[in-house]
J.: 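To start, I am sharing the structure in question, which I have written as structure tokens.
Counting starts at 1 for both ligands and their atoms, in listed order. Position 1 is the first residue of the sequence, and the numbers go up from there.
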Amino acid sequence: MSTEKILIIGSNGQIGLELAATLRKNYGFDNVVCGDLRALDNQEGPFEVLDVLDKDRFHEIVKKHGITQVYLLAALLSATAEKNPKFAWDLNMNGLFHILDAAKEGLIKKVYWPSSIAVFGPGTPRVNTPQYTVMEPNTIYGISKQAGERFCEYYHQKYGVDVRSIRYPGLIGWKSAPGGGTTDYAVHIYHEAIKNASYTSFLAAGTTLPMMYMDDAIRATIELMEAPAEQVKIRSSYNVAGMSFDPEGIAASIRKHIPNFTLSYNPDFRQAIADSWPQSINDAEAREHWNWKPEFDLDKMTEVMLSNLK
Ligand code: NAD
Ligand code: SER
């Protein structure tokens, strides 16, 4: 029987839905409480309506359920954040402060907070981007993630908060829809391939970005959270890599199953965001510290995506 009680905040988003299902398998259905702005029509299991900006409500839920660990997923993603920068900063930062402060006060024991490849910027070496390098993000999302990383490390060093984090690449899965990011095209393309055998990409030809299949991301998250504390030597956020491709690369992989699939391009404002991010990630520290290893490459992911979406 698990002694942990987990709260996932932002549980009904792209990552939350899949993370909740896996954590419930591992820790017991009733030991994982989901929290989001509103319930889904088919919401399952323990659920609380929660706006992470409402600190009192958050504390109330933690006490009511005896929460020991929080996974904080509520945030505005890169594309949405550019449309509402002030609110993005408010949500992405103050949400994090509420959770870090609760850990500092001893209300909860462990925190997971995701960062992103968006912490890097146009001055960062774009190929095989190392853990430690130039980081000058020029999107509000990237700025909030970089500031968040600094505060995670600060709370760990100054107050002993056990906070753990991964810089996710673009995440791709078939069970849930993406929530307003620059990498969302790599999910939409599979849906459109099945429906119409064609897709118009909002990123230009040749735009290579780091990506990861959702199962790998969920496994990385839980492996990091379960690693002995002494192995978690980085308390800002870990680089992790899965695969890298451009729109033509994913189209070529889809054509192995749908030979008449066609791809066209109509880049929009998200192109500038993508152009400021790395093309591939060096994740040597994650591999060395807590034995991270991805399992999915592009063709394996395409097979799983297409067979499940069909
Ligand atoms: P998403 O947009 O799909 O889901 C976010 C969820 O948070 C939604 O269900 C939303 O209703 C909820 N939410 C929004 N505001 C809230 C609030 N004030 N209080 C409570 N809940 C609120 O996002 P996602 O893709 O699941 O991403 C989760 C986290 O992972 C974010 O921090 C994101 O920056 C990070 N991340 C995601 C990716 C990716 O490719 N999906 C990549 C890098 C980092
Ligand atoms: N997938 C995310 C986005 O595009 C990266 O953090 O916003």
J.: For atom 7 (O) of ligand 2, what is the closest protein heavy atom, and at what distance to 0.1 Å?
T.: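 Nearest protein contact, heavy atoms only, for atom 7 (O) of ligand 2 is S78 OG, 2.6 Å.
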J.: To which of P169, P114, G181 does the heavy atom nearest atom 42 (C) of ligand 1 belong?
T.: P169
J.: Could you tell me whether W277 approaches ligand 2 through its side chain, its backbone, both or neither, with non-hydrogen atoms closer than 4.0 Å?
T.: side chain
J.: Show the atoms of ligand 1 that are less than 4.0 angstrom away from any heavy atom in G170.
T.: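 Those qualifying, in numeric order: 40 (O).
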J.: For atom 40 (O) of ligand 1, what's the nearest protein heavy atom and its distance?
T.: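 Ranked first by proximity to atom 40 (O) of ligand 1 is L171 N, 2.9 Å.
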J.: Quick one: look up the protein heavy atom nearest atom 4 (O) of ligand 2 and list residue, atom name and how far away it is.
T.: T182 N, 2.6 Å
J.: Should the pair K256-E303 be classified as a salt bridge under the 4.0 Å nitrogen-to-oxygen rule?
T.: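 Looking at E303 together with K256, the answer is no, because their closest N to O distance does not fall below 4.0 Å.
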J.: Among A74, S237, G10, S115, whose heavy atom sits nearest atom 44 (C) of ligand 1?
T.: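 Nearest heavy atom to atom 44 (C) of ligand 1 lies in S115.
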J.: Where is the nearest protein heavy atom to atom 33 (C) of ligand 1: which residue, which atom, and how far?
T.: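 Checked against all protein heavy atoms, atom 33 (C) of ligand 1 sits closest to Y141 OH, 3.5 Å.
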J.: Of R57, Q14, H98, R38, which has the heavy atom at the shortest distance from atom 3 (O) of ligand 1?
T.: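 Going through R57, Q14, H98, R38 one by one, Q14 has the nearest heavy atom to atom 3 (O) of ligand 1.
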J.: Does a salt bridge link R164 with E223, judged by any charged N lying under 4.0 Å from a carboxylate O?
T.: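 Salt bridge flag = no for E223 with R164.
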J.: With a 4.0 Å cut-off, would you call K300 and E295 a salt bridge?
T.: no
J.: How far is atom 6 (O) of ligand 2 from its nearest protein heavy atom, and which residue and atom is that?
T.: S116 OG, 2.6 Å
J.: Any chance NZ of K310 has more than 12 other-residue heavy atoms, nucleotides or ligands included, within less than 6.0 Å?
T.: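 Correct, the count exceeds 12.
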J.: Among D36, L50, N92, L73, which residue places a heavy atom closest to atom 20 (C) of ligand 1?
T.: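 Result: the heavy atom closest to atom 20 (C) of ligand 1 is in L50.
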J.: Of the backbone atoms (N, CA, C, O) and the side-chain heavy atoms from C-beta on, which set of A118 has a member under 4.0 Å from an atom of ligand 2: side chain, backbone, both, or neither?
T.: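 The answer is neither.
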J.: Give me the residue, atom name and distance of the protein heavy atom closest to atom 32 (O) of ligand 1.
T.: K145 NZ, 2.9 Å
J.: Which part of L76 is near ligand 1, with near meaning a heavy atom under 4.0 Å away: side chain, backbone, both or neither?
T.: neither
J.: Assert yes or no for the condition that the ring centre distance of Y238 to W290 is strictly below 6.0 Å.
T.: yes
J.: Could you tell me whether R24 sits above the aromatic face of F29, with NZ or CZ closer than 6.0 angstrom to the six-membered ring centre and within 45 degrees of the axis?
T.: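 Checked: cation-pi criterion met.
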J.: R167: heavy atom below 4.0 Å from ligand 1, yes or no?
T.: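 In this structure, R167 fails to qualify as a contact of ligand 1 - no heavy atom is under 4.0 Å.
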J.: With heavy atoms only and a cut-off of under 4.0 Å, state how Y141 meets ligand 2: side chain, backbone, both or neither.
T.: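 For Y141, the contact with ligand 2 is made by the side chain alone.
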J.: In the protein, which heavy atom is nearest to atom 1 (N) of ligand 2, and how far is it?
T.: T183 OG1, 2.7 Å
J.: If we ignore hydrogens and angles and just use 3.5 Å, is the side chain of T182 paired with the main-chain N or O of R270 as donor and acceptor?
T.: no
J.: Between K233 and E285, is the closest basic N to carboxylate O distance under 4.0 Å?
T.: no
J.: When you measure from the side chain of T124 to the backbone of V134, do you find a donor-acceptor pair of N or O atoms at a distance under 3.5 Å?
T.: yes
J.: Quick one: look up the protein heavy atom nearest atom 26 (O) of ligand 1 and list residue, atom name and how far away it is.
T.: I15 N, 2.9 Å
J.: Quick test: of every protein heavy atom, which one is nearest to atom 19 (N) of ligand 1, and how far off is it to 0.1 Å?
T.: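 Answer for atom 19 (N) of ligand 1: V52 N, 2.9 Å.
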J.: Can you pull out the closest protein heavy atom to atom 4 (O) of ligand 1? Residue, atom name and distance to 0.1 Å, please.
T.: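 Its nearest protein heavy-atom neighbour is G13 CA, 3.2 Å.
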J.: Is it the case that atom CD in E44 sees more than 12 heavy atoms from other parts of the structure closer than 6.0 Å?
T.: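 No - once you tally the heavy atoms of other residues, nucleotides and ligands closer than 6.0 Å, there are 12 at most.
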J.: Please state which protein non-hydrogen atom is closest to atom 15 (N) of ligand 1 and give its distance, to 0.1 Å?
T.: L37 CD1, 3.6 Å
